*Asks:* 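Take a look at the following structure, please.
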Amino acid sequence: MSGRTCDIAVVGGGLSGGLIALALARHRPELSVRLVEAGPAIGGKHRWSWFKTDLTPEGAVLMSGFRKAAWNNGYAVHFPRLKRDLDASYLSLTSEDFAAALTRELADGTIMLNREVARVEGGAVHLANGESVTARSVIDCRGFSPTQALRGGWQVFMGRHVRTPAPHGIVKPVIMDACVDQVAPAGNGGAYRFVYVLPLGAHDVFVEDTYYADRPDLDRSMLSGRIDQYCRERGLEGDPQGFETGVLPVITGGNFSAFQAEHRVQGVAIAGGRGGFVHPLTSYTLPVAVDVALAVAQDADLPGEQLAAKLEAQARRHWNAMGFYRALGRMLFTGAAPEERYRVFQRFYGLPEPLIERFYAGQSHFSDRARVLIGKPPIPVWRGAHALFSKSPPLLAPQSKELP
Ligand SMILES: Cc1cc2nc3c(=O)[nH]c(=O)nc-3n(C[C@H](O)[C@H](O)[C@H](O)COP(=O)(O)OP(=O)(O)OC[C@H]3O[C@@H](n4cnc5c(N)ncnc54)[C@H](O)[C@@H]3O)c2cc1C
């Protein structure tokens with residue numbers, strides 16, 4: 001290691017950084033790694049969910065060591081004119097369980113908590129407290145940051161874990177219940193709203209109210225009130241066990257080269273949301289973070305410069321592959337009136353299940369794309385065509401991620 005602190009320094013112990021450290025520990029245990037996190041815990045405080053079909057077999061093995069909730073009896077979606085049960089298995093992992101597994105699996109001394117990074121450069125990470133970590137390769141996973149270069153809207157949500165006094169009787173996740181009021185929150189330009197329901201146990205249920213909005217305003221009391229109302233109407237009242245909020249970018253376009261240039265530091269590789277490794281429409285990153293972690297482990301011997309170039313090229317390929325989902329996002333935000341946006345999803349969920357699985361995995365075939373865009377469009381053709389070429393505002397507001 002020639003006087004360096006470690007072989008690989010990973011900056012940011014969130015989803016992407018944590019998975020990279022895990023993949024290195026599994027596939028290259030002889031390498032010394034540091035996972036440098038500003039916060040008091042790895043992974044923040046929320047839950048990540050995904051479909052079993054989102055992951056490759058290698059990806060599923062990487063995720064196998066985590067304690068997680070799994071529903072092998074499929075999931076449901078509810079729309080005013082469509083109620084459907086689908087077969088794909090669904091999984092969900094809390095950041096507490098993420099942190100516990102990493103603490104167990106990573107070599108002693110790998111995880112460095114409460115260390116805010118002030119600056120990164122090729123071969124070194126400089127902490128706010130004046131210390132430095134030197135490394136052959138540095139990987140920056142500090143999360144998505146606001147940008148002029150990308151355009152779009154926002155997915156805004158609050159989730160609450162409720163313990164009900166009597167068994168709630170829900171047997172499978174309801175990924176989207178759009179049979180709720182679609183009126184936009186006061187002052188926000190418009191929204192597609194749905195509720196997400198995860199039965200965590202006979203008495204435990206997670207209820208999340210989400211809207212796709214033009215602006216990133218997180219109205220906590222409005223969201224909390226909506227969850228109260230939903231729980232009241234569905235007999236899900238009980239003791240709150242915790243909650244999470246999120247404001248995630250929905251990317252509908254922009255200049256990806258300019259986005260990469262904004263974050264590029266000579267010799268530093270970038271992964272996670274900061275590197276653009278997101279599903280532009282669902283805002284989810286777990287499947288792509290798993291792939292990137294495995295790719296890093298495979299090329300862990302590359303010098304920092306080469307690893308940086310490799311991940312930049314992988315991010316550009318990902319951007320190019322995601323063009324269809326950005327176009328759908330434009331249709332959602334600019335093609336449909338806010339109270340009509342649910343129709344885009346209602347029609348989508350009426351399509352064949354393999355197509356839906358490929359959509360979530362970000363692997364839609366050409367024929368899937370045609371099927372989603374043509375046929376009986378849920379919004380007027382002229383508006384849809386206009387939307388495909390229109391521009392959304394820049395993604396300038398900060399991503400919000402808070403819990404008590
Ligand atoms: C409430 C919520 C629910 C979500 N649910 C899902 C889901 O179900 N499925 C899914 O795929 N995605 C989900 N997402 C999105 C997903 O969490 C993010 O896309 C993902 O966490 C991005 O991973 P990342 O590693 O790039 O960033 P993050 O996970 O945000 O990690 C970045 C890390 O870097 C650290 N950091 C930042 N600055 C510094 C610094 N200067 N020094 C040191 N450390 C620093 C942060 O503290 C943080 O731990 C959800 C997001 C939220 C907020």
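In this text, all values refer to a predicted model and were calculated from it rather than measured experimentally. We count ligands from 1, going down the list as the structure has it; atoms in each ligand are counted the same way.
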*Asks:* Decide whether an N or O pair under 3.5 Å exists between G43 and ligand 1.
*Replies:* no

*Asks:* Should S49 be counted as touching ligand 1, given the test is an N or O pair under 3.5 Å?
*Replies:* yes

*Asks:* Select the closest option to atom 12 (N) of ligand 1 among Y284, F157, Y196, F277, judged by heavy-atom distance.
*Replies:* Y284

*Asks:* Looking only at non-hydrogen atoms, which of G159, C141, S283, P287 approaches atom 32 (C) of ligand 1 most closely?
*Replies:* C141

*Asks:* So between R142, R119, K45, whose heavy atom ends up nearest atom 37 (C) of ligand 1?
*Replies:* R142

*Asks:* Should W48 be listed as contacting ligand 1, given a heavy-atom distance under 4.0 Å as the test?
*Replies:* yes

*Asks:* In terms of atom number and element, which parts of ligand 1 are under 4.0 angstrom from non-hydrogen atoms of G273?
*Replies:* 26 (O)

*Asks:* Applying salt bridge (charged side-chain N to carboxylate O under 4.0 Å, His left out), which residue pairs with at least one partner in residues 263-274 are found, sequence neighbours left out?
*Replies:* D140-R274, R264-E312

*Asks:* Run the ring-centre check on Y211 versus Y192 and record whether the distance is less than 6.0 Å.
*Replies:* no

*Asks:* Can you list the ligand 1 atoms lying under 4.0 Å from a non-hydrogen atom of G272?
*Replies:* 26 (O)

*Asks:* Would you mind listing every salt bridge (charged side-chain N to carboxylate O under 4.0 Å, His left out) that reaches into residues 49-75, with sequence neighbours excluded?
*Replies:* R67-D97

*Asks:* Is the cationic atom of R47 (NZ for Lys, CZ for Arg) positioned less than 6.0 Å from the six-membered ring centroid of F206 and within 45 degrees of its normal?
*Replies:* yes

*Asks:* Regarding S49 and Y284, is there a side-chain donor-to-acceptor distance under 3.5 Å anywhere?
*Replies:* no

*Asks:* May I ask you to check whether Y342 and F345 place their ring centres under 6.0 Å from each other?
*Replies:* no

*Asks:* Are side-chain N/O atoms of D87 and Y75 paired as donor and acceptor at under 3.5 Å?
*Replies:* no

*Asks:* Is the distance between the ring centroids of F359 and H279 less than 6.0 Å?
*Replies:* yes

*Asks:* Can you list the ligand 1 atoms lying under 4.0 Å from a non-hydrogen atom of L286?
*Replies:* 11 (O)

*Asks:* Answer yes or no: is there a side-chain heavy-atom contact under 4.5 Å between R193 and R226?
*Replies:* yes

*Asks:* Work out whether the distance between some heavy atom of H279 and some atom of ligand 1 is less than 4.0 Å.
*Replies:* no

*Asks:* Would A38 count as being in polar contact with ligand 1, using the rule that some N or O on each side must be under 3.5 angstrom apart?
*Replies:* yes

*Asks:* Will you find, in the side chains of Q298 and H27, an N or O donor that is under 3.5 Å from an N or O acceptor?
*Replies:* no

*Asks:* Quick test of your reading of the structure: of T285, V290, D54, T245, whose heavy atom lies closest to atom 19 (O) of ligand 1?
*Replies:* T285

*Asks:* Relative to the heavy atoms of R47, which atoms of ligand 1 are at a distance of less than 4.0 Å?
*Replies:* 3 (C), 4 (C), 5 (N), 6 (C), 8 (O)

*Asks:* Would you say ligand 1 has an N or O under 3.5 Å from any N or O of E244?
*Replies:* no

*Asks:* When the aromatic ring centroids of F98 and W48 are compared, is their separation below 6.0 Å?
*Replies:* yes

*Asks:* Return a yes/no value for F144: is any of its N or O atoms, backbone included, closer than 3.5 angstrom to an N or O of ligand 1?
*Replies:* no

*Asks:* Mind checking whether G44 has an N or O less than 3.5 Å away from an N or O of ligand 1?
*Replies:* no

*Asks:* Against heavy atoms of L248, which atoms of ligand 1 measure under 4.0 Å?
*Replies:* 14 (N), 15 (C), 50 (C), 51 (C)

